[in-house]
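Worksheet: one structure, shown below.
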Amino acid sequence: MARLIAPDARFHFSWLEAAAEFEGLRQDGAGADSWPLEELQDPGAFSRFVEALVKDALPESPRKPGYVPCTYLWIVEGGTFLGSLAIRHELNDFLLNEGGHIGYSVRPSARRHGHAAKALADALPIARELGIQRVLLTCDEDNAGSRATIEKNGGSYEDTRNGKRRYWIDTA
């Protein structure tokens, strides 16, 4: 059964396999935007990437302007990396309108097995522990899979902004 864990360098090879499945497309919730995939092939660079993901949850960690503290989690099953999930501790203007508190992605070969819905369900108590009473989730207007995942977890539709459907879920 899939579970959420803190990022771990032991999943290096499986993470790279999953990244290849995205064929250069952005992996929501992965925190890899500033890390070239070619660089992450190196085990040392991958370990630094994992360390940076873990440290990003600390308020005092340095981050780019416009970025907020974030708890990164990985969806794994056995020794296989299935996807990523990010819990953003607060909302800035961009996140309020388009990004939300939680972002996630599941590798293409593992989709349609309920991994995203379970990961989101497992992340809600973690968000509550972080002091987030209501989480905002967004998805592209045409992303039926993500829409179903959010609604399955109790997401209440509020509106659509810039092509993003916005949902709220109480964590209590």
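Here CG of D8 is found 11.5 Å from OG of S14. Values are rounded to the nearest 0.5 Å. If you take OG on S109 and CG on L82, they are separated by 8.0 Å, rounding to the nearest 0.5 Å. Here CD1 of I102 is found 7.0 Å from CD1 of I169. Values are rounded to the nearest 0.5 Å. Rounding to the nearest 0.5 angstrom, the gap separating the CG atom in D170 from the CZ atom in R128 is 11.0 Å. Distance check, rounded to the nearest 0.5 Å: OH of Y104 to CG of D28 gives 9.0 Å.
When all heavy atoms of L4 and A119 are compared, the closest pair comes out as CD1-O, 3.5 Å. The nearest pair of heavy atoms linking H115 to A2 is ND1-CB, 3.5 Å. Shown here for T138 and G100, the closest heavy-atom pair between the two residues is CG2-N, 4.0 Å. Listed here is the closest heavy atom pair of R88 and G99: NH1-O, 3.2 Å. Nearest heavy-atom pair across A52 and W35 is CB-CZ2, 4.0 Å. Residues S84 and G29 come closest through the heavy atom pair CB-O, 3.3 Å.
At a threshold of 4.5 Å between side-chain heavy atoms, the hydrophobic network of Ile, Leu, Val, Met, Phe, Trp and Tyr places L130 and L85 in one connected group.
Checked by atom type and distance alone, the side chain of S61 pairs as donor or acceptor with a backbone atom of K55 at under 3.5 Å.
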### Message
Evaluate D56 against R63 for salt bridge (charged side-chain N to carboxylate O under 4.0 Å, His left out), listing each step before the verdict.
### Response
CA-CA 8 Å; D56 201 42; R63 57 187 49 84; 3.2 Å; yes
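Taking the side chain as every heavy atom from C-beta outward, F81 and H12 never approach each other to under 4.5 Å. L16 has its side chain within reach of L37: a pair of non-hydrogen atoms, C-beta onward, lies under 4.5 Å apart. Taking 4.5 Å as the limit, some side-chain heavy atom of L120 sits within range of a side-chain heavy atom of L137. Looking at heavy atoms from C-beta onward, T160 lies out of side-chain contact with R166 at the 4.5 angstrom threshold. L95 has its side chain out of reach of H101: every pair of non-hydrogen atoms, C-beta onward, lies at least 4.5 Å apart. F22 places a side-chain heavy atom less than 4.5 Å from the side chain of P108. Counting heavy atoms from C-beta outward, R134 and S156 have side chains that stay 4.5 Å or more apart. Side-chain contact between R111 and R107 is absent, with no heavy-atom pair separated by less than 4.5 Å.
Tested against K164 for a side-chain hydrogen bond (donor to acceptor under 3.5 Å, both in side chains), the candidates D140, N143, D159 yield a single pass: D140. Checked against L124 for a side-chain contact (heavy atoms from CB on, under 4.5 Å), the options I87, V135, I132 give a single hit: V135. For the ring pair (Phe, Tyr, Trp, His ring centres under 6.0 Å) test with F46, the passing option among F13, W15, F11 is W15; the others fail.
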Could you tabulate the donor-acceptor pairs under 3.5 Å formed by side-chain atoms of residues 64-78, not counting sequence neighbours?
from: K64; atom 1: NZ; to: S34; atom 2: OG; distance (Å): 2.5
from: T71; atom 1: OG1; to: H89; atom 2: NE2; distance (Å): 2.7
from: E77; atom 1: OE2; to: M1; atom 2: N; distance (Å): 3.3

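Seen from the ring of Y157, R165 counts as a face-on cation partner, given the 6.0 Å and 45° thresholds.
At most 12 non-hydrogen atoms from other residues, nucleotides or ligands lie less than 6.0 angstrom from CZ of R10. With a 6.0 Å radius and a threshold of 12 heavy atoms from other residues, nucleotides or ligands, R161 has its CZ atom above the threshold. Dense packing is recorded around CG of D33, with more than 12 heavy atoms of other residues, nucleotides or ligands lying under 6.0 Å away.
Using modelled atom types and a 3.5 Å distance limit, the side chains of E151 and Y167 yield a donor-acceptor pair.
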